[in-house]
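Throughout, protein chains are lettered first and strands after them, A, B, ... in sequence-line order, and every chain is numbered starting at 1. None of these values were measured; they are calculated from a predicted model.
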There are 2 protein chains.
Amino acid sequence: MSQGRPTLADVASAAGVSVSTASLAFSGAGPIAPETRERVHEAARRLGYAGPNPLGRSLRSGRSGIVAVVIGDQLRRSFRDPVSVQVLDGLVSTLGPLGLGVLLVPAHTTTDGVAELDPLLEAAPMDAAVLIWGAREEDGVLAALQRRGVPVVVGEGPELPGVAVVGVEDRIGTAELARHLLELGHTRFGLVTLPLSHPRRTEVATPERLARPEWAPARHRLQGLADAGVEPVMIVETAGSLVEEGRAAGRLLLDVPEPPTAVLAQSDLLAAGVLLAARELGLRVPEDVSVAGFDGLDLPWMAPDVLTTVAQPLGAKGEAIGRAVEQVLAGELPATVRMPVSLRVGTTTGPPRS
Amino acid sequence: MSQGRPTLADVASAAGVSVSTASLAFSGAGPIAPETRERVHEAARRLGYAGPNPLGRSLRSGRSGIVAVVIGDQLRRSFRDPVSVQVLDGLVSTLGPLGLGVLLVPAHTTTDGVAELDPLLEAAPMDAAVLIWGAREEDGVLAALQRRGVPVVVGEGPELPGVAVVGVEDRIGTAELARHLLELGHTRFGLVTLPLSHPRRTEVATPERLARPEWAPARHRLQGLADAGVEPVMIVETAGSLVEEGRAAGRLLLDVPEPPTAVLAQSDLLAAGVLLAARELGLRVPEDVSVAGFDGLDLPWMAPDVLTTVAQPLGAKGEAIGRAVEQVLAGELPATVRMPVSLRVGTTTGPPRS
DNA sequence: GGATACTCTCGAATCGATTCGAGAGGACCG
DNA sequence: CGGTCCTCTCGAATCGATTCGAGAGTATCC
């Protein structure tokens, strides 16, 4: 058939061999005479055949070679945070050598103002799916994937039956950070949290939402604080881990008669925002207020300040997720991985003004 | 067959209809009695059938519903730049409603220190491919895609036969920016460029590389400068659009006996780095040195400075790329799109110290 | 020379769906 | 009551590859 792109059958007949032999010439999965293989390749070259069609191959093998990464409502929002990007980078570089590609799938699509599960979630080819930023049972994403029989790996919990989890010791890390500030002598803490459940606005956290944090990272870090015995005088919940959100939160916390002497933010970008807010309010850091974050990002524009933070191994986390994907594809259910974090004291924390 | 996941055939027999009827019940592409459809769906529900297997469907239709986005060598590097992320966001939100997913494909893989074309490029299923950051004929990516017969859309040129191009009027924008600085009275310009060809280190640009800029955005912006009659006294080429690179470039340009009075950077992140370098060297902006960028990013941490820049419609560019993809999938070759840019004067440019 | 072993090639089945033309059955009309 | 039309369902072919067992042909050894 000269119409359309050539198929293996075309190549086979041009080379004067059977289709099965031609297949062998490309896959190498079976005995074939070097001369025959060369003849097939030669024919392929002549016809402009660029190798077996992945669609046919996938159907036969039942594998698409695609791993879906489910992203939040807006790509922009997910990826403006270097944290996600670094994890994704580790993931891609682990999956690549395995011949696996990463498909970006939005969790929801908004049609006429109504958010629904993205059709890709239900219909795109995928051998496994990754939820980098935790899963909430409520939102149906997990259910949709499990109905399809797609194995799932989630970053940062929660632990759900049949789901592989890769996370960091953020509870322990937060506790360590809190103790660092306690040792410096702080007693009045402000806290800036990541979204506790479905994102909304940046404002003082309500007791109801604090009582039931659906989002694993926020929950763990809250627990870490409690572990260290810290009870913040004021807690602001943000709508996402962005500098602007942190700045808004910082203003809420610091632009009051008796501001806290230390502000803990659940992410570095939020902490950076708090720092900006402090600067705008004429507060010196750390003399007037200490600020600490979480993540261990390298933010060159913060120079000469160096943020005190809890560093998590982001790239390695992505790689661990990649390995977990490899395992679920092999039919195993990987054990939960919790990666270590480390306190990194910078220049933004110090003793409170007495 | 009770082994493995149920197929359409299983559902059909459970519902007591033929496979073709069952197919109709899901696709709706043909007449079917409502009652029959309901019976099929009921059987599907009972068997835990989550809808037609995309692999089978793809093979039949010849369409995978996947658009590859080819990214640079490191994901981290590509996505640390908000520019790419915003374009990608526009792309994803245009492609989503069309039922198309975005597959991230690295251009190269490094095995044992040797960079090769990533196997996914040659083997992953895709209906079309997008090169967000321009294409160079040299690197083989384009050739590999064209050999496969995959239609390609590139962002930011160059214009190649059979390839759709979406870009911005960066040449015109740069010229406008240059004239703004000329009008302010500047005569000694420093220039910080994006990589001119294959990325390497941040250092003073060699005449050879300046003479033959392979990378379209860098080339256009160089041309724009020339259009305005500006000839920089010193040009530094960077290894990529990152704050650190800009900072290094800024030090090279400004830490000299007679520094330029205005520094033009080919991207906002580079300009931000130059700003940092200036600050570190004790130079006031814009009193001692004016700094301008390109892109129109919203960088909250630059406050209270507002960068003078040329704003390009990043999200809209992604959407335009998405529409171009739609067209190439329909078999058309879209005309080259050049989107308008606009000069946005901030607080980082002013008259030179006389 | 004949049996055995080995190497390579081939035909046919299979993966899971879609699609087209054919035909069964019922409704309607004259 | 017979014919026509319409609605719905079905069987079979098809998409492009992989894989397995069978078999042809040649080499090896006694």
Validation: residues 30-39 of chain A side-chain donor-acceptor distances under 3.5 Å, sequence neighbours left out:
residue : atom : partner : partner atom : Å
A:Glu38 : OE2  : A:Arg45 : NH2          : 3.4
A:Arg39 : NH1  : A:Ala15 : O            : 2.7

Write out a two-atom table: protein N or O, nucleotide N or O from nucleotides 8-14 of chain D, distance below 3.5 Å.
residue : atom : partner : partner atom : Å
D:dT9   : OP1  : B:Thr36 : OG1          : 2.0
D:dT9   : OP2  : B:Ala33 : N            : 3.1
D:dC10  : OP2  : B:Ser18 : N            : 2.9
D:dC10  : OP2  : B:Ser18 : OG           : 3.4
D:dC10  : OP2  : B:Thr21 : OG1          : 2.8
D:dG11  : N7   : B:Ser20 : OG           : 3.1
D:dG11  : O6   : B:Ser20 : OG           : 3.1
D:dT14  : O2   : B:Arg60 : NH1          : 3.1

Measure the distance from [atom1] on [X] to [atom2] on [N] and round it to the nearest whole Å.
X       : N      : atom1 : atom2 : answer
A:Asp10 : D:dC15 : CG    : P     : 11 Å
A:Arg63 : C:dG16 : CZ    : P     : 14 Å
A:Leu55 : C:dG16 : CG    : P     : 15 Å
A:Asn53 : D:dG16 : CG    : P     : 7 Å

Pair B:Trp133, B:Val83 - check side-chain contact (heavy atoms from CB on, under 4.5 Å), show working.
CA-CA 10 Å; B:Trp133 269 122; B:Val83 171; 3.4 Å; yes
Among residues at least two apart in sequence or on other chains, which ones pass side-chain contact (heavy atoms from CB on, under 4.5 Å) with B:Pro52?
B:Phe26, B:Tyr49, B:Arg57
Contact summary for B:Pro6 and B:Leu47, nearest pair of heavy atoms:
CG-O, 3.5 Å
A:Pro158 versus A:Val165, closest heavy-atom pair with distance:
O-CG2, 3.7 Å
Determine to 10° how strongly the helix from C:dG1-D:dC30 to C:dG30-D:dC1 is bent, judged from the axes of its five-pair ends.
50°
Show me, pair by pair, the donor-acceptor contacts under 3.5 angstrom made by side chains of residues 118-126 of chain A, not counting sequence neighbours?
residue  : atom : partner  : partner atom : Å
A:Asp118 : OD1  : A:Leu120 : N            : 2.8
A:Asp118 : OD2  : A:Thr109 : OG1          : 2.5

Any salt bridge (charged side-chain N to carboxylate O under 4.0 Å, His left out) pairs touching residues 97-108 of chain B, not counting sequence neighbours?
none
So does B:Tyr49 get a side-chain nitrogen or oxygen closer than 4.0 Å to the phosphate oxygens (OP1/OP2) of C:dA17?
yes
OP1 or OP2 of D:dT18 sitting under 4.0 Å from any side-chain N/O of A:Ser23?
yes
If you define the side chain from C-beta out and look only at heavy atoms, does anything of A:Asn53 sit under 4.5 Å from A:Arg5?
no
